[in-house]
Amino acid sequence: WLSGLALFEPGVMWLVERFHWSRPRAALGCGAVAWVLGSAVALSFNVWAFSFPFFGETKKFGLFDMLQIFTSHGLLPLVGIGTALFAGWALRPELAREQLHLRSPCAFDVWLWLMRIVIPVALVCVMVQLSKLA
């Protein structure tokens with residue numbers, strides 16, 4: 001429950017700050033949207049099921065399959081790439097060094113260049129490979 005509630009917080013705060021809604025009204029609005037979307041995804045296992053081809057494979061669960069493909073083939077690698085690029089290029093090296101508690105300057109340099117170059121390239125390769133497998 002706590003993890004689920006924590007996922008609502010950015011949406012609730014956005015509604016409170018942007019539209020000046022009260023927190024209870026914003027929480028109810030986010031909950032209603034989540035309930036509608038969750039119901040639609042749950043119905044895609046039965047009543048709203050539809051099939052579609054995806055790279056030579058027939059997907060049978062409609063909206064559920066579409067969301068699964070979007071998150072696993074798109075969002076997860078993109079968030080990983082963005083996080084690595086942010087940690088490697090936007091974060092001040094002094095702050096990163098302090099937070100990582102790496103005593104060896106060599107170890108920090110390896111970490112920094114992994115974040116800047118190796119990990120983003122590796123994740124792009126993963127995304128390309130996922131598109132070939134799918």
Side-chain angles (χ1 to χ4, degrees):
W1 278 97
L2 290 177
S3 297
L5 291 175
L7 292 173
F8 275 1
E9 186 59 26
V12 170
M13 285 308 301
W14 180 75
L15 290 172
V16 168
E17 291 176 5
R18 177 82 163 99
F19 298 108
H20 306 290
W21 286 12
S22 67
R23 282 191 62 82
R25 181 180 178 194
L28 284 173
C30 286
V33 168
W35 186 83
V36 168
L37 292 174
S39 296
V41 170
L43 289 171
S44 71
F45 287 106
N46 189 0
V47 180
W48 289 354
F50 61 88
S51 298
F52 64 93
F54 183 72
F55 289 100
E57 184 180 335
T58 300
K59 299 292 187 175
K60 298 178 183 175
F61 295 121
L63 185 59
F64 175 80
D65 282 330
M66 292 171 69
L67 287 173
Q68 189 271 332
I69 290 166
F70 176 66
T71 55
S72 65
H73 292 192
L75 281 182
L76 287 174
L78 286 176
V79 167
I81 291 167
T83 302
L85 290 174
F86 177 81
W89 294 101
L91 199 61
R92 286 191 342 254
E94 302 81 31
L95 179 64
R97 185 186 312 268
E98 176 185 323
Q99 293 300 314
L100 290 172
H101 302 292
L102 293 175
R103 302 201 189 282
S104 167
C106 182
F108 179 75
D109 289 341
V110 168
W111 175 86
L112 185 63
W113 289 103
L114 282 171
M115 289 293 126
R116 288 182 172 181
I117 306 292
V118 176
I119 291 173
V121 169
L123 287 174
V124 167
C125 292
V126 166
M127 286 181 71
V128 169
Q129 193 65 21
L130 282 175
S131 69
K132 288 181 182 178
L133 292 175

Using the side-chain contact (heavy atoms from CB on, under 4.5 Å) rule, take I69 and F54 through it: C-alpha gap first, then chi angles, then the decisive distance, then the call. CA-CA 9 Å; I69 290 166; F54 183 72; 3.3 Å; yes
Take L63 and W48 through the test side-chain contact (heavy atoms from CB on, under 4.5 Å) and record every step on the way to the result. CA-CA 8 Å; L63 185 59; W48 289 354; 6.0 Å; no
Going through the checks in order, is the side-chain contact (heavy atoms from CB on, under 4.5 Å) test met by Q99 and L91? CA-CA 11 Å; Q99 293 300 314; L91 199 61; over 6 Å; no
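The aromatic rings of W14 and F19 lie perpendicular to each other, with more than 60° between the two planes, well past the 30° mark.
In the displayed structure, F64 atom CZ is contacted under 6.0 Å by at most 12 heavy atoms of other residues, nucleotides or ligands. Residue F50 places its CZ atom among more than 12 non-hydrogen atoms of other residues, nucleotides or ligands, all under 6.0 Å distant. Enclosure of atom CE in M66 is not indicated, since only 12 or fewer non-hydrogen atoms of other residues, nucleotides or ligands lie within 6.0 angstrom.
Proximity of W111 to L102: side-chain heavy atoms (C-beta onward) are separated by under 4.5 Å at one or more points. Side-chain contact between L75 and F70: present, with at least one pair of heavy atoms (C-beta onward) separated by less than 4.5 Å. Under the 4.5 Å side-chain criterion, counting only non-hydrogen atoms from C-beta, L123 is in contact with I119. Using a 4.5 Å heavy-atom threshold, the side chains of R25 and L15 count as separate.
Taken together through direct or relayed side-chain contacts under 4.5 Å among Ile, Leu, Val, Met, Phe, Trp and Tyr, F61 and L67 form part of one hydrophobic cluster. Both L112 and V118 belong to a single network of hydrophobic side chains, linked directly or stepwise wherever heavy atoms of I, L, V, M, F, W or Y lie under 4.5 Å apart. Follow the hydrophobic side-chain contacts under 4.5 Å out from L43 and you never reach V33; the two are in separate clusters. Under the 4.5 Å side-chain contact rule for hydrophobic residues, W89 and F86 do not share a cluster. Under a hydrophobic-cluster definition in which Ile, Leu, Val, Met, Phe, Trp and Tyr are linked whenever side-chain heavy atoms come within less than 4.5 Å, directly or via other members, L76 and L78 are assigned to different clusters.
Pairing each heavy atom of K60 with each of S51, the nearest pair is CA-OG, 3.9 Å.
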